[in-house]
Amino acid sequence: MLTASQTQQAIKIMGQKFPDATTSLVADTPFHFLLAVILSAQTTDKAVNRLTPQLFARYPTPESLATATESEVIPLIKTIGLYRNKAKHLIGCAQGLVSKFSSQVPQTRSELMQLAGVGQKTANVVLAECFNIPALAVDTHVSRVARRLAMVSPQAKVAEIEKTLKQKLPAESWIAAHHRMIYWGRYQCMARKPLCESCPLLSLCAFGKKQV
DNA sequence: ATCCCGAGGG
DNA sequence: CCCTCTGGAT
């Protein structure tokens, strides 16, 4: 396993390759950003950004979405996967915001996770992006990159990955590390065909050495 | 552990 | 054709 120092070094090198790594979801308010993150489950950000302009225009506020029906929402999001569950989540989330949080997006993990469709990962993304609160969201890219680079144990599940990465990285770097690992997973260490031959992290990566 | 689930890429 | 995409609820 990589030491804390090696892990920090790897994150630094990722930042040299992707200096402007940041969220790719487009939204104008915390409410709309929350909706975009819910929609992004098992879906590319590009697919989400394609439909959100119309969704946001139709539902500008939590109140407007809270009274919507699934048959109204589904046509607006049908081009992405899992749309039936996501329609329920969007409406339920808006209803929760209205009934529990005065239509304001809450700023704590436990409050966010009371909302429909919001789990640990989505809560962490919202805390980091909307409120600049140190958080480290672990998604499919972060999981794969952390495992391949042996920043965590090979069989580690999401909760353990988050815990281990937080232990190895200073809190000030969590948000940037999240973005860099996402970009790394998208454009360098892809799931299907990683670019190990030209990887700046090859010397740190047992997985990559096996591929080359 | 299972289900949900369209679009894009190889 | 098969795999993957910033997961969450049951």
Taking the six-membered ring of A/Y183 (Phe, Tyr or Trp), confirm whether the NZ or CZ of A/R186 is under 6.0 Å from its centre and within 45° of its axis.
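So A/R186 does make the cation-pi contact.
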Give the residues of residues 59-80 of chain A touching DNA chain B, defined as any heavy atom closer than 4.0 Å, sorted by residue number.
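Those residues are A/K78, A/T79, A/I80.
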Residues, nucleotides or ligands: over 12 heavy atoms within 6.0 Å of A/K12 NZ
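For A/K12, atom NZ is not crowded (no more than 12 foreign heavy atoms under 6.0 Å).
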Candidate pair A/E111 and A/T108, rule side-chain hydrogen bond (donor to acceptor under 3.5 Å, both in side chains), full reasoning
CA-CA 5 Å; A/E111 289 176 314; A/T108 67; 2.8 Å; yes
Give, for atom SG of A/C199 and atom CG of A/L149, the distance between the pair rounded to the nearest 0.5 Å.
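Output value for this atom pair is 7.0 Å.
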Determine the Euclidean distance between corresponding [atom1] atoms of [M] and [N]; express it in Å to zero decimal places.
| N | M | atom1 | answer |
| --- | --- | --- | --- |
| C/dT4 | B/dC4 | C1' | 15 Å |
| B/dC5 | C/dC2 | C1' | 15 Å |
| B/dA7 | C/dG8 | P | 23 Å |

Let me have a per-nucleotide readout for nucleotides 1-10 of chain C, 5' to 3', with B, S or -, counting only protein heavy atoms under 4.0 Å.
-BBSBBBSS-
ILVMFWY network linking A/L25 to A/L112, side-chain heavy atoms under 4.5 angstrom:
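Cluster IDs for A/L25 and A/L112 match.
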Do A/L165 and A/L201 share a hydrophobic cluster (ILVMFWY, side-chain heavy atoms under 4.5 Å, transitive)?
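Yes; tracing contacts between hydrophobic side chains, which count when under 4.5 Å, links both residues.
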At under 4.0 Å, does any side-chain N or O of A/Y83 touch on OP1 or OP2 of B/dG6?
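Yes.
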Find which nucleotide of DNA chain B each of A/G81 and A/K157 is nearest to by heavy atoms, and output the residue with the more 5' nucleotide.
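Final value for this comparison: A/K157.
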Could you check whether any side-chain N or O of A/R109 sits under 3.5 Å from a backbone N or O of A/N124, counting only pairs where one atom can act as donor and the other as acceptor?
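Not confirmed, A/R109 side chain does not pair with A/N124 backbone.
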On the 0 to 90° scale, with breaks at 30° and 60°, tag the A/W184-A/F18 ring pair as parallel, tilted or perpendicular.
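Ring orientation of A/W184 relative to A/F18: perpendicular.
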